[in-house]
Amino acid sequence: MASLRTAPIFSLRLLIHEPARLWASIGGVTFALLLMLLQVGFRNALLDSALQLLRSLDADIIVMDKEKKPFLARVGMAKERLYQAQSIVGVESAAPLWLSMLQWKNMEDGTVHPIRVVGLDPDSPTFLQSEVNALIGLLRQPGTALIDSRSRSSYGYVGRGMAQVGRTEIEIVGTFPLGTDFEVDGTILVSEETYFKLTKYQRFQTHKLIEVALLKLGPDADEEAVLASLAHHLPTDAVALSKQQLIERDLEHWKSGTPISVILMVGVALGFAVGVVICYQILYTEVLDHLTEFATLKAIGYSDRYIQIAVVVEAWVLSIFGFLPAMAIGWTMLETLRQLSGLPAGLGVDDAVTILILSITMCTLAGILALRKVRVLDPAELF
Amino acid sequence: MAAGDARKHEKAIDISGLDYAFGEHEARKQVLYDIELAVAPGEFAIMTGPSGSGKTTLLSLVGALRRPQQGRIVCVGSDLMRLQGVELEAYRTGLGFIFQLHNLFPALTAFQSVQMAADLRDDLPGDKMERIASLLTELGLGERLHYRPSKLSGGQRQRVAIARALVHRPALVLADEPTAALDSQNTEIVLGLFRRLARENGTTVLMVTQDARVFERADRLVNLVDGRIDSDSRR
C-alpha cells in the first residue's frame, strides 16, 4: 500500500518546483484573505468605537430610558430616576450623564464637524480613565471642557485654548484619550452647567432630563439583588442593566441590528468566496497540468486518497503562506486607518485565529473542488 | 503480492473467452473477441499487430486499468473480474507499468520519480535508496540521478520511467512501446534488464511493440488482428 506519509513531501515538491507560480498563488490567497481581514478590521472599528464611551464609564449599573438602544442613541430620562435609583439598598452613589451632539468649529479653516458633548457631574465618579479623573476638577469652572486627544484632524488644533462648540465659545482645559466613532469625530466632556449652556438652543433640552444614571455599588452589595430591586422599584419607563449586560446588548445590536455590520459581514463572505475561486483556479490548474502524471500514479497503485492528501496539503500550505503576508499587510493598513481616522480599527488574536481557520477552510474547499477532476481520472487512458 | 514471488503461480497470465467492447447500444464497438492467452512466469511475450487491433486494450485489461466485461482473466493469482478497492490498488502495485509516454512529474528528479514507485512497497529487500541508485545507474543514468525531466533527453526520461516500473521487481511488466524513444544501445540495456528480471525473479513481460529489433529477443510473439489472436508463436 502506498504510504500516505510521503504525500505531504510529494505535495511540497510539486509546490516549490515552480517558484514563480508559487509566489503568484500565495499572492492570490493573500489578496483574498486581505479582503476578509479588512472587513473584520472595519467591523471591529464599528463595534469598538460604538462601545468605547460605554466601556470607559465608571459604573456598575446603568439606569436609562427603556427605549434607549443602543447606548449612544440620545433618549432622555427623568432626572427623578437618578434619585430613585440612589435610594435603593446597595447603591453607594449615582451620577448623572448627559449626551448631546453639537458642531465643533475648526478654528484653522472655519469648517464645522459633529462632536459629542458629554455632560457630567465633576464631583461624582463618572469615567475610568485616570486622565479624566486628574483633570475633572477643572470642569467646575463654567465654560470649560476636556477634549478627546484622539479626535480627528478635521477638528484642527485640539488642545488647551479657546474653541467654539455650537454657537458658544468655550475654553479647552485639558485632553483625554477616547477615539472617534462612525457618528462623530471626537468628544468633549463638560460639567452640567456648561452642558446646558452649550445646548440651550436645542429643542427638548431641560434640566428635568438626564441621559443615564451611573450607579456605583457598595463593597458588600449583590449586583443581582440590586438589579432586581431596581427593576421592582423603578417605574416601567426606566430599565437598569449592569455595565456588562449593556455592553453585551449593544454589541448584539451593532453586530446584527445594523445594516453596516451586515454589509461588513457580507464583505467577509464575499472575500471568502473570492478566495475559494482564486484558490480553486490555482489548484485546478495545478491538477490539470499534471493530469497524466496523476493518472500514472493511480495506474501504478497510488490511491485516490494519496492524491487527495497531496492536493489538500498544497491547499493548506497556500493558506498558511498566504495568511502570513495578509496579516502583515492587513495590520499595517488598519493601523494606518486608525492613525488617519481615529477609529479603533484593528485585529485581535481571536480575529487572526478566525481568519486563519477561514483561510484553511477556504483553501481546503477549493482543493476538494479541484480534486473532482482527479476522481474521474481514468488511468486506462494512459495506454 | 510480494516482490520476488512471481514463480509461485502456474500461469502469470491466464485469459479465456475474453470479449471487450467500448460504448453501449448503437455506439457499441467490440474490440476483443474470445481471447485465449496463457503466459508462463518468466516469459517475455510480445504483442504486435496493426493499429486498432486491440493490443493496447488487452494490455490495459491485464493491468486492471479497465474492468473486464466477459470471460475470465486471472493474472499472478488475482481474478481481475472480482478485483476492486484496496485489492485492486494492491494488484496494480505489484505490476510494472511502462507507458508510451514517460509521464514523469516535472517537479521530481529521476531518483524521486523512481522512489515514488519504490515507496509503494514496504517489503522490498535490501536498502531501497541503494536499489534505486543502482537501477538508474544500470540504465545509464548514474550521472543524472538528481536531474529533473526538463534536463533529461527523451530517451533518458523513458529510462527513468522504465526504472520506475522495475524498481520493485514486479511479477508482471506491462509495457507499451517502451523502446520507441531509445537508441539501439539503450534498447539492448533495457531488454537485458527484462531478461535478467525474468531469470532471477520470474518476472513476466507483456510488451506491445512494433519495434522489429525487439522481436528476436522475445520468447513469444502474439499477433492480434481485428481483436482476435491471429498467430501465437514461441521462439
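In what follows, chains are A, B, ... by sequence order, proteins preceding strands, each numbered from 1.
- Within a 6.0 Å radius of CZ in B:Arg67, other residues, nucleotides and ligands contribute more than 12 heavy atoms.
- One finds the OG1 atom of A:Thr6 at 8.5 Å from the CD atom of B:Gln115 (value rounded to the nearest 0.5 Å).
- Here the closest heavy-atom approach between residue B:Pro106 and residue A:His17 is recorded as O-CE1, 3.2 Å.
- Looking at every heavy atom in both residues, A:Ile300 comes nearest to B:Leu120 through O-CD1, 3.3 Å.
- When all heavy atoms of B:Glu89 and A:Ser303 are compared, the closest pair comes out as OE2-CB, 3.2 Å.
- Summarising the geometry of A:Asp378 relative to B:Arg66, their closest heavy-atom pair is OD2-NH1, 4.5 Å, with the distance given to 0.1 Å.
- Of the listed residues B:Glu177, B:Gln112, B:Arg148, the one with more heavy-atom pairs under 4.5 angstrom with chain A than any other is B:Gln112.
- The salt bridge (Lys or Arg N to Asp or Glu O under 4.0 Å) test applied to B:Arg82 returns B:Asp79, not counting sequence neighbours.
- No side-chain heavy atom of B:His102 sits under 4.5 Å from any side-chain heavy atom of A:Thr296.
- Neither the backbone nor the side chain of A:Ile16 comes within less than 4.5 Å of any heavy atom of chain B.
- Open room surrounds CZ on A:Phe31; 12 or fewer heavy atoms of other groups in view lie less than 6.0 Å from it.
- Among all heavy-atom pairs drawn from B:Phe99 and A:Ala299, the shortest one is CZ-CB, 3.7 Å.
- For A:Phe321, the CZ atom counts as loosely surrounded, since its 6.0 Å shell holds 12 or fewer non-hydrogen atoms of other residues, nucleotides or ligands.
- Ranked by heavy-atom pairs shorter than 4.5 Å toward chain A, the options B:Leu108, B:Thr57, B:Leu61, B:Leu88 are led by B:Leu108.
- Residue A:Glu183 qualifies as enclosed at atom CD: its count of foreign heavy atoms under 6.0 Å is above 12.
- Note that CE of B:Met116 and OH of A:Tyr306 are 4.0 Å apart. Values are rounded to the nearest 0.5 Å.
- Summarising the local packing, CG of B:Asp226 is surrounded by 12 or fewer heavy atoms from other residues, nucleotides or ligands at distances under 6.0 Å.
- Heavy atoms only, all atoms of each residue included: B:Leu104 and A:Glu293 are closest at O-OE2, 3.3 Å.
- The environment of B:Lys128 atom NZ is dense: over 12 non-hydrogen atoms of other residues, nucleotides or ligands sit within 6.0 angstrom.
- Atom-to-atom distance recorded for A:Leu4:CG and B:Asp119:CG is 11.5 Å, nearest 0.5 angstrom.
- Within the 4.5 angstrom heavy-atom criterion, only side-chain atoms of A:Phe10, from C-beta onward, approach chain B.
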Under 3.5 Å donor-acceptor pairs involving side-chain atoms of residues 265-287 of chain A, not counting sequence neighbours:
residue  : atom : partner  : partner atom : Å
A:Tyr280 : OH   : A:Arg372 : NH2          : 3.4
A:Thr285 : OG1  : A:Gln281 : O            : 2.6
A:Glu286 : OE1  : A:Arg21  : NH1          : 2.9

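- Ring planes of B:Phe105 and A:His290: tilted class, angle from 30 to 60°.
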